[in-house]
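I have placed the structure first, in the form of structure tokens, so that the comments after it can refer back to it.
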Amino acid sequence: MRRPLVAANWKMHKNLKEAVAYTRQFAPLVANLSEVDVVLAPPFLALPALVDTLKREGHTRIQVAAQHSHAERHGAFTGEVSLGMLRASGVKLVLVGHSERRRLFHETDTGINEKTRAAIAEGIIPIVCVGETLEERESNKTFEVLKRQIRLGLAGLSPDQVAAIIVAYEPVWAIGTGHVATPKQANTVHTRLRQQLSAQFSLEAAQACRIIYGGSVKPSNAAELMTEPDIDGALVGGASLEPASFAEIVLASQQKTIEDV
Ligand code: PEP
């Protein structure tokens, strides 16, 4: 059985003090939820402080992720942060190819592949984000787009590496819009993504790889999304900014494991 994973993407919200205060409030709320992997992805400046706070207060099951990184190990890349620097600060995961990075910062499938491979080489788990725009969905190009993003974004990975990464399906039209994909819509895509992983890598890799859903996940819709067999968790933006709301989403994912037993 795949272990659910729920990740908070705070985007460009919360300064250092706010991030630490959130973490102190949030961590005890999920301390008893042992069947779910919980991840916080704050802005860069708060990463080491969150790692320290969680360690000091004994919340070792909550992992910290970066929202972005550079693929090169070091060099003249003003403003960038390397995966080695992230690892040295205790960061365990990194978002790669979020639609905001693709759209606003012109990230390409090839660049996303470089970062994905660099993250794995550095021992950091990539959360590789894929998703179609509304225009692509309406012109029946959803699977064509997703197939390309997976084929190019994960090119060169071994089946074992694919088994250990996270794929996040985030329809662009559902991110920050309040328009959540229906559980059936999302599950259909997750199943197709798993078929693509099976064809490109192996059945075992496809069955082991966790595919999480992102796009307007809230406490009110999380439980229903989690009942779908191919949805292995959530990547949460807006609703993760408030500790109680994010904790409710984590709780909904834990229900998934209880019902599956
Ligand atoms: C995201 O940014 O990854 C996201 C899913 O945002 P929201 O939950 O706000 O739609």
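Counting starts at 1 for both ligands and their atoms, following the listed order.
The main-chain N or O of Arg3 is found under 3.5 Å from a side-chain atom of Arg210 such that the two form a donor-acceptor pair. Although no hydrogens or angles enter the test, the distance criterion places no donor-acceptor pair under 3.5 Å between the side chain of Arg137 and the main chain of Thr142.
Scored by the salt bridge (Lys or Arg N to Asp or Glu O under 4.0 Å) test, Arg194 finds Asp230, Asp232 as partners (sequence neighbours excluded). Partners of Gln63 under the side chain to side chain donor-acceptor pair (under 3.5 Å) rule, at least two apart in sequence or in another chain, do not exist in this structure.
Sorted by chain and number, the heavy-atom contacts of ligand 1 below 4.0 Å come from Asn9, Lys11, His98, Glu170, Ala174, Ile175, Gly176, Gly214, Gly215, Ser216, Leu235, Val236, Gly237, Gly238.
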Could you walk me through whether Trp173 and Glu132 pass the side-chain hydrogen bond (donor to acceptor under 3.5 Å, both in side chains) test, one step at a time? CA-CA 8 Å; Trp173 47 271; Glu132 81 286 2; 2.9 Å; yes
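Sequence neighbours left out, the pairs with a member in residues 24-64 that pass ring pair (Phe, Tyr, Trp, His ring centres under 6.0 Å) are Tyr22-Phe26, Phe26-Phe246.
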